[in-house]
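Input: a single structure, listed below in structure tokens.
Residue numbers begin at 1 in each chain, while the letters A, B, ... track the order of the sequences.
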Number of protein chains: 4
Amino acid sequence: MTSTPNPQRRSEKSHRATLAAAMDLCSEHGYGNVTVEAIAARAGVSKKTIYRWWPTKGAVVLEAMVGIAGDATQFPDTGDITADLCTQMTAVLDHVMTGPRAAVYAGIIAETQHDAALARDLRTQLLAPRIAAARDRLLVARAHGQLAADADVDMAVDLLYGPLYYRLLLHLGTYSHDRLRSHIERVLSAFAPSAA
Amino acid sequence: MTSTPNPQRRSEKSHRATLAAAMDLCSEHGYGNVTVEAIAARAGVSKKTIYRWWPTKGAVVLEAMVGIAGDATQFPDTGDITADLCTQMTAVLDHVMTGPRAAVYAGIIAETQHDAALARDLRTQLLAPRIAAARDRLLVARAHGQLAADADVDMAVDLLYGPLYYRLLLHLGTYSHDRLRSHIERVLSAFAPSAA
Amino acid sequence: MTSTPNPQRRSEKSHRATLAAAMDLCSEHGYGNVTVEAIAARAGVSKKTIYRWWPTKGAVVLEAMVGIAGDATQFPDTGDITADLCTQMTAVLDHVMTGPRAAVYAGIIAETQHDAALARDLRTQLLAPRIAAARDRLLVARAHGQLAADADVDMAVDLLYGPLYYRLLLHLGTYSHDRLRSHIERVLSAFAPSAA
Amino acid sequence: MTSTPNPQRRSEKSHRATLAAAMDLCSEHGYGNVTVEAIAARAGVSKKTIYRWWPTKGAVVLEAMVGIAGDATQFPDTGDITADLCTQMTAVLDHVMTGPRAAVYAGIIAETQHDAALARDLRTQLLAPRIAAARDRLLVARAHGQLAADADVDMAVDLLYGPLYYRLLLHLGTYSHDRLRSHIERVLSAFAPSAA
DNA sequence: AAGTAAGCGAGACGGTACGTCTTGTCTTTAA
DNA sequence: TTAAAGACAAGACGTACCGTCTCGCTTACTT
């Protein structure tokens, strides 16, 4: 168990104000230019309160990010694997890889490069569930014969999402919706069932 | 052009000592835990001297990284596109995405998320030449009929390298050499010439 | 009048525990290193309870000090002014200017330098009664012809007690019992009746 | 030797600005309401610079106080011990026990009650030299037959200065110049040579 | 005896200052 | 004239207490 104080007595108001302030400030000034002091001031919250509930700025912003990305990036299952991937990945693109939030998300990922605990939280809270969901959806598609029976779904996931993060984090430009669709179709073609 | 002083009078000894100290310290303590002060102290160089020749810590480490990665990741052309990609990408994997240097490289990429100038330098000095080389090699392969005549080589580059960075920067584990080979073969298969 | 709550419902147990904890902690760690939080924790009392009954830490410690010093420093009247001064001043020396209590007492006096209310309470509750008692005893002595008829008893009080506090608060060392007796005799000699 | 950095490289400008800011702020707001942050801000100096050269706020203010009191409270020797004591003690009264500086001086003395190093510095830099000077002056007077041959000059010093500090620190009111003269005369009378 | 108002322990809160740290600039010293 | 050494202004860090506050619980007055 952790040394976190009693969460039942936590002020929900301060909690929400902190997350909102963190997202606002990051969007306005960029993740790297935001300080815990500034978040506290903007939220009308004391620094102590922030440090009571989160270990670092990164953890605050990650929680805010999870809240935002959470609902928006669920995986649908309409039976059409191509359409479903387009739906979900377009949502990812639009919600966290475009506009001011792209920089925030990239900032958090940057932070994980020297904060192992944050890296773990990013993985468990944000990435792993979505990777698992993508994998499951692909397994369903494979079971339905939409992919080759021996298709390596882990590799498919890497090929689908890898380029998005690669282009985001190396500043190579984001895919347009059309380009994203071509990308998805190309990857799926690599795992298509052999012509019967 | 910048206000950099006359480079002819630059002390090559201090230059080299700085780069070496930067790489050593980053390897030992991780990019994020290294300070300019520490680099100066280790190199036996004054902070002023570092700031005279580089704008930030990131620029120092990037130059060191370019020096190390430079030679190792050239693109061969043996005529066999699969083999050549394996050769080059394995070198990339081994030189900058494995061991202590992985953290250093990831650290620099992290820094570029809030340092636009460094992002530019990373792209122009490190990434762009290698992307161009990969692209050229694939064009040659396509011209030789090893890829489909209408293969989109830009997309191929994204699919080849994207997953490597994705796994590095999101802490999802690095490919083994075998896995890398499978990965390359799978991508190339997506661009294979249609059976005639 | 203040907004102090109903004293009839006050928990005598908490009251005593607080005063005891305050004195203990001050003796152990020195007045300046004791916090209200620590007093509350040691006493098993909530901070709120302390602030309900006292305005500041100084007020708590002052009350504890008054309780301790109260009985011990009464003024006797045996008819021998020198002996009575020795008796009372030795008691003062031993009870509040020696050992761990010296630091506590000095700590309270220090606090009064930036807490006017505490300064007032120190004067009215601790000092004024004893100064008045000394003055009265000297007036009796003067009436009995043991001091000059025109002896300035206020000045005598200053000369008697001033050096004790001076040495305490400026860290110049405390008088021994013998030295104290010499001191008293010397002061009284300055106010002796002129030889007839 | 201490761990203080090289004093030759010290910025005299920052040094002076810090001392001046400390005295100004203490005079304006009272010793206890002044923070190191405020001193730094007023002086246009970084906190780091203050902590580089002084261990605590008290040490800064003490140095400022020593500078102010230093010249003003020298001991004259006109041959008339009463007049010389009046001169010096009146200067003390006027310079450090009256007006805003009284509170500053009392504040430092208060601080010494929980800062042993500051207590030592107060004694060695401010008190001891003046006590020694007073003692020396009294010894000269005794040698000249203005005091009894066996007069205890240490006790005389205690009796002369004790009441001044006692009244300052216990908030009992400061002596007027006239009252101070009476006080001095009364003390000297206690050590007068016996009538021949 | 039941109802109710208060004091109580606990501890989260907004706030302020702490003393430390690192950045990037500027000054001094010695070669 | 250059570079080492390192002091400097600036400002964020994470911590410690302050004095206030809100919670349930207990206790003891009131009706």
Side-chain angles (χ1 to χ4, degrees), chain A residues 4-15 17 33-41 43-57, chain B residues 5-6 9-11 13-14 33-38 40-41 43-57, chain C residues 5-15 17 33-41 43-57, chain D residues 4-15 17 33-41 43-57:
Chain A
T4 309
N6 184 345
Q8 300 194 341
R9 313 197 57 175
R10 181 171 196 175
S11 158
E12 198 46 43
K13 191 167 149 241
S14 295
H15 187 170
N33 298 317
V34 172
T35 67
V36 174
E37 304 223 343
I39 295 173
V45 142
S46 90
K47 284 166 66 180
K48 176 86 182 200
T49 298
I50 294 183
Y51 284 111
R52 193 174 355 248
W53 301 110
W54 293 278
T56 61
K57 174 183 74 159
Chain B
N6 183 345
R9 317 196 72 168
R10 180 171 196 176
S11 156
K13 189 168 148 236
S14 295
N33 300 317
V34 171
T35 66
V36 174
E37 303 232 346
V45 143
S46 93
K47 281 167 64 182
K48 178 91 181 195
T49 300
I50 292 181
Y51 283 112
R52 202 186 330 266
W53 301 109
W54 294 277
T56 62
K57 173 182 74 160
Chain C
N6 183 348
Q8 301 194 337
R9 316 196 68 173
R10 181 172 194 176
S11 158
E12 198 47 41
K13 190 167 148 239
S14 295
H15 187 173
N33 299 318
V34 171
T35 66
V36 173
E37 303 230 349
I39 295 173
V45 143
S46 94
K47 282 167 66 180
K48 177 93 183 194
T49 298
I50 293 182
Y51 285 110
R52 197 179 344 255
W53 300 109
W54 294 277
T56 61
K57 172 183 73 160
Chain D
T4 308
N6 184 347
Q8 300 194 339
R9 314 197 58 172
R10 182 172 194 176
S11 158
E12 199 47 44
K13 190 166 150 242
S14 295
H15 187 172
N33 299 316
V34 172
T35 66
V36 173
E37 303 223 346
I39 295 173
V45 142
S46 90
K47 284 167 66 181
K48 176 92 183 198
T49 298
I50 294 183
Y51 285 110
R52 197 179 345 254
W53 300 110
W54 293 278
T56 61
K57 173 183 73 160

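Between the side chain of D/K57 and the backbone N or O of D/V34 there is at least one donor-acceptor pair closer than 3.5 Å.
Taking CD from A/E37 and CD1 from A/I39, the interatomic distance works out to 10.5 Å, rounded to the nearest 0.5 Å. Note that CH2 of C/W53 and NE2 of C/H15 are 9.5 Å apart. Values are rounded to the nearest 0.5 Å. Expressed to the nearest 0.5 Å, how far CZ of C/R52 lies from CD1 of C/I50 amounts to 11.0 Å. Taken to the nearest 0.5 Å, the OG atom of D/S11 stands 12.0 Å off from the CZ atom of D/R9.
Taking both residues in full, the closest heavy atoms of A/A40 and A/S46 are given as CB-C, 4.2 Å, listed atom of the first, atom of the second, then distance. The shortest heavy-atom contact between C/A43 and C/A17 is CB-O, 3.5 Å.
Listed pair A/S11 / F/dT22 fails the phosphate criterion, with no side-chain N or O lying under 4.0 Å from OP1 or OP2. Under 4.0 angstrom from either OP1 or OP2 of E/dA12 there lies no side-chain N or O belonging to A/S14. Phosphate proximity of F/dA4 to B/T49: present, with a side-chain N or O under 4.0 Å from OP1 or OP2.
Nucleotide F/dA7 holds its P atom 17 Å from the NZ atom of D/K13, rounded to whole Å. Straight-line distance from the CD atom of C/Q8 to the P atom of F/dA28: 13 Å, rounded to whole Å. In this structure, B/I50 places its CD1 atom 12 Å from P of F/dA5, rounding to the nearest Å. Between the CG atom of C/N33 and the C1' atom of E/dC18 there is a distance of 15 Å, given to the nearest Å.
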Check: protein-nucleotides 18-20 of chain F nitrogen or oxygen pairs below 3.5 Å:
from   : atom 1 : to    : atom 2 : distance (Å)
F/dC18 : OP1    : C/V36 : N      : 3.3
F/dC18 : OP2    : C/V36 : N      : 3.2
F/dC18 : OP2    : C/E37 : N      : 3.4
F/dG19 : OP2    : C/Y51 : OH     : 2.5
F/dG19 : N7     : C/K47 : NZ     : 3.1
F/dG19 : O6     : C/K47 : NZ     : 2.8

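Judged by closest nucleotide on DNA chain E, C/R10 is the one of A/W53 and C/R10 placed further toward the 5' end.
Residue-to-nucleotide contacts include a donor-acceptor pair under 3.5 Å from the side chain of A/R9 to the base of E/dA10.
Listed candidates were E/dA12, E/dG7, F/dA4. Nearest to the side chain of C/N6 is E/dG7.
Residue-level contact check: A/W54 touches neither bases nor backbone, having no heavy atom under 4.0 Å from any strand.
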